[in-house]
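In the text below, chain A, chain B and the rest are named by the order of the sequence lines, each starting its count at 1.
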There are 4 protein chains.
Amino acid sequence: MTPPPERRRELLATAAEVFAAHGYKATTVRRIADEAGMLAGSLYYHFDSKESILDEILSTFLDELWDGYDAVLAAGLGPRETIEALVTESFREIDRHGSAVAIYQKESRHLARQPRFAYLAESQEKFEKAWLGTLERGVADRVFRADLDIRLTYRFLRDTVWVAASWYRPGGQHSPEEIARQYLSMVLDGVAVRAVRAVRENPEPTAKAHSDS
Amino acid sequence: MTPPPERRRELLATAAEVFAAHGYKATTVRRIADEAGMLAGSLYYHFDSKESILDEILSTFLDELWDGYDAVLAAGLGPRETIEALVTESFREIDRHGSAVAIYQKESRHLARQPRFAYLAESQEKFEKAWLGTLERGVADRVFRADLDIRLTYRFLRDTVWVAASWYRPGGQHSPEEIARQYLSMVLDGVAVRAVRAVRENPEPTAKAHSDS
Amino acid sequence: MTPPPERRRELLATAAEVFAAHGYKATTVRRIADEAGMLAGSLYYHFDSKESILDEILSTFLDELWDGYDAVLAAGLGPRETIEALVTESFREIDRHGSAVAIYQKESRHLARQPRFAYLAESQEKFEKAWLGTLERGVADRVFRADLDIRLTYRFLRDTVWVAASWYRPGGQHSPEEIARQYLSMVLDGVAVRAVRAVRENPEPTAKAHSDS
Amino acid sequence: MTPPPERRRELLATAAEVFAAHGYKATTVRRIADEAGMLAGSLYYHFDSKESILDEILSTFLDELWDGYDAVLAAGLGPRETIEALVTESFREIDRHGSAVAIYQKESRHLARQPRFAYLAESQEKFEKAWLGTLERGVADRVFRADLDIRLTYRFLRDTVWVAASWYRPGGQHSPEEIARQYLSMVLDGVAVRAVRAVRENPEPTAKAHSDS
DNA sequence: TATGAATGAGGGTTCATTCAT
DNA sequence: CATGAATGAACCCTCATTCAT
């Protein structure tokens with residue numbers, strides 16, 4: 001026996017996909033209903049409004065995201081390991097809630113202005129605090145470079161990760177963890193090859209690069 | 001005396017800002033007109049439709065972008081220098097056409113499906129060819145790491161740059177060139193501090209890398 | 001219990017009347033909705049567009065018209081009887097689809113240019129072929145006068161019949177058949193009185209005229 | 001030197017053509033201006049409004065028409081000759097003011113309701129009085145058949161003539177007078193051939209023809 | 001005389017939403 | 001739970017008209 005929540009989740013997933021593909025505003029309630037095999041009016045048995053569908057998609061996603069983030073932040077890891085864990089967690093989230101992430105990317109900026117979606121701004125702040133704090137800790141610990149504008153670095157990391165939602169498709173050849181590993185490798189060590197002498201001292205630079213990414 | 005094209009450009013700039021801030025679909029033609037100090041109907045003296053405004057914003061931007069890119073690609077630089085030049089050029093474009101870039105980011109995916117905006121897909125392909133080709137050249141020349149999935153690297157670079165349009169505001173404390181420099185530094189060399197020994201033994205690799213990046 | 005098509009037909013009839021009275025272009029969709037006791041937007045639940053309403057009115061009418069015409073043409077009647085039957089059928093059509101006929105009269109010329117209404121031109125051609133062919137047959141059989149420009153005669157007959165839609169109102173004192181009879185009498189025999197001698201030979205000219213018209 | 005009235009007449013002719021081709025409502029002022037080689041706004045130097053252009057086209061046409069009609073009616077001709085003269089005059093009018101006639105046909109019905117175009121209704125009445133009177137005179141004089149509904153005959157004659165404006169093009173193979181002659185021949189004597197014997201016995205076929213038609 | 005730019009009243013259409021069945 | 005029909009606000013766009021130049 002499938003409880004009502006099941007159907008609800010399906011509808012939310014369907015809606016999220018359409019929102020992600022066409023944008024919230026450009027998505028008609030009829031389109032969602034079509035995709036779900038019902039008439040537009042019928043959606044209102046399940047949800048109050050189009051906006052409340054969006055709301056539920058976004059808040060569900062953020063709740064799950066913070067479950068993961070909070071666990072990482074509470075684990076007492078070093079700055080680099082924290083960043084690595086957060087990035088990995090983020091890619092897992094993209095894997096599971098790709099549509100929600102895409103919606104978030106596109107719409108959160110102007111949604112955050114509305115009272116109903118104030119939690120987006122709050123999440124954003126908390127997010128910034130967590131990442132920026134970790135980066136600062138890393139700079140202090142001489143794990144991260146001190147010569148960079150730290151806010152720029154923060155935005156760089158943040159965007160670099162989340163933008164991946166725009167092209168990532170679950171079930172592709174790379175697992176979220178693998179993608180996270182490569183992203184971290186690029187972000188932390190750069191895409192340029194290191195100086196020749198370093199290579200000499202270190203016979204397998206490629207392997208090395210991987211081992212600590 | 002201001003020639004007619006002047007007014008047109010103003011209106012396009014106004015429209016671009018509103019589109020960028022609220023999204024194309026959510027932007028009403030009346031809103032644009034308000035912002036421009038005229039009535040909605042009056043816009044149609046200057047433009048055929050809301051869509052044609054969008055079209056002109058996007059195509060103008062892409063034309064300018066490719067003017068810059070083509071010059072870079074024709075200059076015969078090495079792969080690393082090419083990437084550096086492209087990134088720098090991109091940030092300059094963000095500086096000048098921030099709104100257009102933001103619109104492009106949000107809307108190009110679904111717009112590209114429409115015949116009218118087919119040029120978006122074409123540009124995208126040309127873009128990919130240029131960047132991917134440069135990266136491949138760089139890998140062959142042992143300038144860029146060979147252990148990374150090159151398409152992943154491409155997307156990483158591409159997104160990382162353009163997403164900046166979402167927060168960049170002209171006239172801020174960093175010039176586009178300065179931002180480009182820091183981005184390149186992160187992307188090419190990573191944000192992590194290199195191993196202590198390597199730096200000591202090798203007085204200038206890191207420093208060198210930075211100084212001319 | 002009225003099936004859904006019923007409502008649709010009502011709306012079409014209402015729209016046809018308004019179109020016929022004021023012209024297609026001058027008729028607002030709000031006016032139609034008013035007349036139908038609903039709001040303008042509600043019409044779009046039943047029809048795609050104002051144009052598709054017009055389309056359905058016209059094509060429904062033409063379909064019915066050709067049902068009648070084809071039956072007549074397949075009956076193997078002589079030229080005069082064929083003309084009589086076609087005229088009678090036409091007046092019946094005017095009786096039942098007066099509004100559609102009036103719309104057709106006013107709008108078909110420029111509508112026929114649009115691809116969507118290409119069937120108007122096709123119908124027109126088929127119509128011309130049927131009438132012209134019958135007239136030619138009649139001339140060959142010495143039933144119709146040979147001294148007239150046959151295309152002129154065709155237009156004369158055609159217009160003479162259809163223009164009646166502009167003043168004909170169903171439920172008037174003359175039935176469509178009665179009107180057809182008188183029209184045929186005028187068209188075939190003329191409105192002028194016959195020579196004196198003819199009258200002498202034929203004591204009841206009036207009666208006679210009617211009996212075989 | 002061309003006086004201003006010349007330009008005015010050109011513009012009116014241009015407007016009349018466009019009105020006739022597309023309908024009054026569907027014709028935009030811009031379209032007229034285009035056709036006249038000027039901008040829409042410039043028309044307002046010459047005319048008060050779109051409606052006043054229509055007004056002038058229609059009233060000019062009716063004035064000329066009545067000049068001709070009044071001359072005919074004042075000539076003291078017999079009923080048949082009067083009808084012949086009126087029809088001939090009408091075709092001449094169609095030849096010269098084809099567009100105006102076409103506009104009149106399509107628009108007069110609903111225009112006549114507006115006070116500004118009350119003269120259309122007046123003309124219509126006068127028209128009806130003249131034709132109907134002549135017909136009645138003809139019936140009394142035993143020149144026209146008495147067995148027909150006279151109002152029906154009137155409408156038949158009236159429509160039959162004016163509808164020709166919808167296909168008549170000046171400069172064609174038939175002069176207006178020739179077309180009038182054939183129309184009159186059809187209307188007065190019918191399109192059916194008279195009985196063979198009657199023709200033989202009677203040197204004036206027209207007379208006999210009727211008895212057996 | 002004509003232009004260029006703008007006005008403002010509507011017109012067709014869309015769409016989230018409601019509600020009786 | 002879902003449908004069918006309707007609502008009503010808002011949207012894009014058209015077009016007759018105005019007016020300073």
Within a strict 4.5 Å, meaning less than it, do heavy atoms of the [X] and [Y] side chains meet?
X       : Y        : answer
D/Leu58 : D/Leu54  : yes
C/Thr28 : C/Val18  : no
C/Tyr24 : C/Lys106 : no

Can a side-chain donor-acceptor contact be found between A/Asp55 and A/Tyr119 if the only test is distance below 3.5 angstrom?
yes
[X] [atom1] to [N] [atom2], straight-line distance once rounded to whole Å:
X       : N      : atom1 : atom2 : answer
D/Arg8  : E/dA2  : CZ    : P     : 13 Å
A/Leu39 : E/dT21 : CG    : C1'   : 14 Å
B/Glu10 : E/dA5  : CD    : P     : 12 Å
B/Leu43 : F/dC15 : CG    : P     : 17 Å
B/Asp34 : E/dA6  : CG    : P     : 15 Å

Report yes if a donor N or O on one partner sits less than 3.5 Å from an acceptor N or O on the other, where the partners are the side chain of C/Arg30 and the base of E/dG12; otherwise report no.
yes
When pairs are called at under 3.5 Å and a stem needs at least three consecutive Watson-Crick or G-U pairs, the stems of DNA chain E are E:2-21 with F:2-21
To the nearest 0.5 angstrom, please state how far the CD atom of B/Glu35 sits from the CD atom of B/Glu17.
7.5 Å
Enter the distance from A/Ile53:CD1 to A/Leu43:CG here, rounded to the nearest 0.5 Å.
5.5 Å
If you only use heavy atoms from C-beta on, which nucleotide in [options] is closest to the side chain of [X]?
X       : options                : answer
D/Val29 : E/dT13, F/dT17, E/dT17 : F/dT17
B/Ser42 : F/dA6, E/dG11, E/dT7   : E/dT7
D/Met38 : F/dA6, F/dG8, E/dA2    : E/dA2
A/Thr28 : F/dT7, E/dT17, E/dC15  : E/dC15

Please name all residues satisfying ring pair (Phe, Tyr, Trp, His ring centres under 6.0 Å) with D/Tyr104, sequence neighbours left out, ordered by chain then number.
none
For DNA chain F, which residues in residues 44-61 of chain A have a heavy atom at a distance below 4.0 Å?
A/Tyr45, A/His46
Think D/Arg31 has a side-chain N or O under 4.0 angstrom from the OP1 or OP2 of F/dC15?
no
Nearest heavy-atom pair of [X] and [Y]: which atoms, and what distance?
X        : Y        : value
A/Lys50  : A/Lys25  : NZ-O, 3.6 Å
A/Thr14  : A/Ala36  : CG2-N, 4.3 Å
A/Ala165 : A/Val101 : CB-CG1, 3.3 Å

Between F/dT21 and E/dT1, how many Å separate the two C1' atoms, rounded to a whole number?
12 Å
With nearest nucleotides of DNA chain E determined for A/Ala26 and B/Ala40 from heavy-atom distances, which residue corresponds to the more 5′ nucleotide?
B/Ala40
For B/Leu11 and C/Tyr24, find the nucleotide of DNA chain E closest to each by heavy atoms; which residue's nucleotide sits nearer the 5' end?
B/Leu11
When you match C/Gly37 and C/Lys25 each to their closest nucleotide on DNA chain F, which lands nearer the 5' end?
C/Gly37
